[in-house]
Amino acid sequence: MLPSAADLLAWYDRHRRVLPWRVLAGERPDAYRVWASEIMLQQTTIAAVKPYYERFMARFPTVAALAAAPSEEVMQAWAGLGYYSRARNLHACAMAVVAEHGGRFPDTEEGLRSLPGIGAYTAGAVAAIAFDRPAAAVDGNVERVMTRLFAIEDLLPGARPLVRDRVLALMPHDRPGDFAQGLMDLGATICTPRNPACGLCPWREPCLARIAGTQESFPRKAKKKAGATRYGAAFVLTRTDGAVLLRTRPPKGLLGGMAEVPTSEWRADYELDGAAQDAPVVTRWRQLAPPVRHVFTHFPLELTVFAAKAPAGMQAPPGMRFTAAGRLGEEPFSSVMLKVLETAGAYGMTPKTRD
DNA sequence: TATACGTGGCC
DNA sequence: TGGCCAAGTAT
């Protein structure tokens, strides 16, 4: 028995998930909303995205509204979601859609692919979901489903073209958008990484991995090695009027464009003894404990927090600013920076309560 | 092809 | 606790 799109679509019609960015069955969704949700969902869980998506749509209801917004406002709306280059590209993409496409998203995979922040997956997903094009949207869910279904032994990401070919071969001529979403829903709810619910799967009979009993060993992928811990010092300078000394990180690279208190470099061999030389001003710094620990995708970070007071009239050093206590909520702080500020008692909001 | 790029939840 | 994982993209 071979897998068929009809079996998946029948399952999808009964079990499709209700999601904020998903319209009712049979309705054509707004490309802007589909696109925004796809960008947010890159490497990010639905639970994390939901509150951001709702706020984002209320704040920027149309692609024109997003394009017209200041970049600081976009970064602030994204703060806490991670992978901040997504926010920069999102903004650039909105401006390109307005300036080069008359405010409407291209309705082809190729047209979408040429926009900033839209790669192979997102181009396929938007083309399929928003425009019902027969495009393959190969994400982690689809990779898992297809490598199991066909027992594809090749390592990812090398096997991706093969997965894509399999998806295109199964693609129905009608309802390609539902097929794309059904594939993802199946991966997210049935064909899960651990303990897949094979008994409930519409493709349980043709699934080669299930037949062999090896479903959990797919997809095959190379192990990636963890980076070495980096260390550094963070300096929280609070004026007596409550304002905190801040700066903005360079637009590209780690936490690009996000707000932070001044810090030393973050290095594996950082020596805390010389931390005073990295401070933004010469004053009496108090070392706080314990240090802030944070884990990025490619390395763990340990920041020792130093705090000091400054007179109310103090001016910020070049390239830095004092932000009033009442306006800290408007700054685009990353989660690691919120931990630093909380350690210093300069900000009462933890990452978890940011919503 | 390999690496940089966040964050929070789960076991 | 530590490694893995979540609707990837850019370089």
Side-chain angles (χ1 to χ4, degrees), chain A residues 17 19-22 34-53 75 78-90 92-93 112-126 128-130 135-145 154-161 177 180-189 191-195 216 219 221-227 229-230 249-258 260 266 293-301 332-339 350-355:
Chain A
R17 291 176 292 175
L19 299 167
W21 44 86
R22 197 175 265 184
V34 172
W35 162 75
S37 71
E38 290 299 341
I39 302 296
M40 288 187 178
L41 286 161
Q42 289 168 7
Q43 298 291 288
T44 310
T45 59
I46 285 174
V49 165
K50 271 183 180 171
Y52 280 85
Y53 177 82
M75 297 310 289
W78 201 274
L81 249 197
Y83 284 143
Y84 299 101
S85 66
R86 290 185 296 172
R88 289 231 171 263
N89 285 146
L90 182 91
C93 182
L112 291 159
R113 182 70 180 80
S114 68
L115 291 165
I118 298 187
Y121 162 74
T122 305
V126 175
I129 298 170
V138 180
D139 70 340
N141 288 308
V142 176
E143 287 175 348
R144 191 168 55 254
V145 170
D154 309 56
L155 299 185
L156 287 173
R160 204 167 284 151
Q181 293 176 92
L183 221 36
M184 286 189 270
D185 275 21
L186 186 70
T189 64
C191 195
T192 50
R194 288 182 305 276
N195 300 314
E216 280 197 68
K221 50 178 80 170
K223 295 190 175 69
K224 46 192 101 169
K225 51 196 171 218
T229 300
R230 298 182 200 176
R249 293 178 63 87
K252 300 200 173 190
L254 187 67
L255 305 177
M258 303 299 283
E260 68 175 6
W266 304 347
R293 294 173 194 284
H294 191 77
V295 181
F296 293 107
T297 305
H298 47 308
F299 68 91
L301 174 67
F333 290 124
S334 65
S335 287
V336 64
M337 202 46 53
L338 286 184
K339 291 183 187 176
T350 66
K352 282 186 178 179
T353 60
R354 190 192 317 242
D355 295 342

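In what follows, every chain begins at residue 1, and chains take the letters A, B, ... in the order their sequences are listed.
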Item to check | Given DNA chain C, 5'-ward residue of the pair A:L115 and A:L41, judged by closest heavy atom | outcome: A:L41
Checklist outcome for this item: The answer to which of A:N89 and A:I46 contacts DNA chain C further toward the 5' end, by nearest nucleotide, is A:I46
Please determine whether a side-chain nitrogen or oxygen atom of [X] lies at a distance below 4.0 Å from atom OP1 or OP2 of [N].
X	N	value
A:H294	B:dG6	no
A:S335	B:dG8	yes
A:R113	C:dT9	no
A:H298	B:dA4	no
A:Q43	C:dG8	yes

Pick base, sugar-phosphate or nothing for [X], based on heavy-atom distances below 4.0 Å to the nucleic acid.
X	result
A:L90	nothing
A:A47	nothing
A:G187	nothing
A:W21	base
A:S37	nothing

Quick one: does [X]'s side chain get under 4.5 Å of [Y]'s, heavy atoms only?
X	Y	value
A:Y84	A:L254	no
A:V49	A:T45	no
A:V295	A:L301	no

Could you give the [atom1]-to-[atom2] distance, from [X] to [N], as a whole number of Å?
X	N	atom1	atom2	value
A:Q42	B:dT7	CD	P	16 Å
A:K50	B:dG9	NZ	P	15 Å
A:Y121	C:dG8	OH	C1'	9 Å
A:M184	C:dA6	CE	P	14 Å
A:Y84	C:dA10	OH	C1'	18 Å
A:Y53	C:dA7	OH	P	18 Å
A:K339	B:dG8	NZ	C1'	9 Å
A:L156	C:dA6	CG	P	11 Å

What about [X], does its side chain sit under 3.5 Å from the base of [N] through a donor-acceptor pair?
X	N	result
A:Y83	B:dG6	yes
A:T44	C:dG8	no
A:R17	C:dA7	yes

Nearest-nucleotide pick for [X], side chain only, options being [options]:
X	options	result
A:R194	C:dT11, C:dT9, B:dC11	B:dC11
A:R86	B:dG6, C:dA7, C:dG8	B:dG6
A:F296	B:dT7, C:dC5, C:dA7	B:dT7
A:R22	C:dA7, C:dA6, C:dG8	C:dA7

If I pick the [atom1] atom on [M] and the same atom on [N], what distance separates them, to the nearest angstrom?
N	M	atom1	answer
B:dC5	C:dA6	P	22 Å
C:dA7	B:dA2	C1'	23 Å
B:dG6	C:dT1	P	25 Å

Scan side-chain atoms only and decide if [X] and [Y] contain a donor-acceptor pair under the 3.5 Å cut-off.
X	Y	result
A:N141	A:R144	yes
A:Y121	A:E38	yes
A:E260	A:S334	no

Next on the checklist: Nearest heavy atom decides the nucleotide; on that basis, is A:V295 or A:P157 closer to the 5' end of DNA chain B?
Outcome noted: A:P157
Checklist entry - Should the pair A:R249 and A:W266 be classed as cation-pi, given the thresholds of under 6.0 Å to the six-membered ring centre and 45° from the axis? => result yes
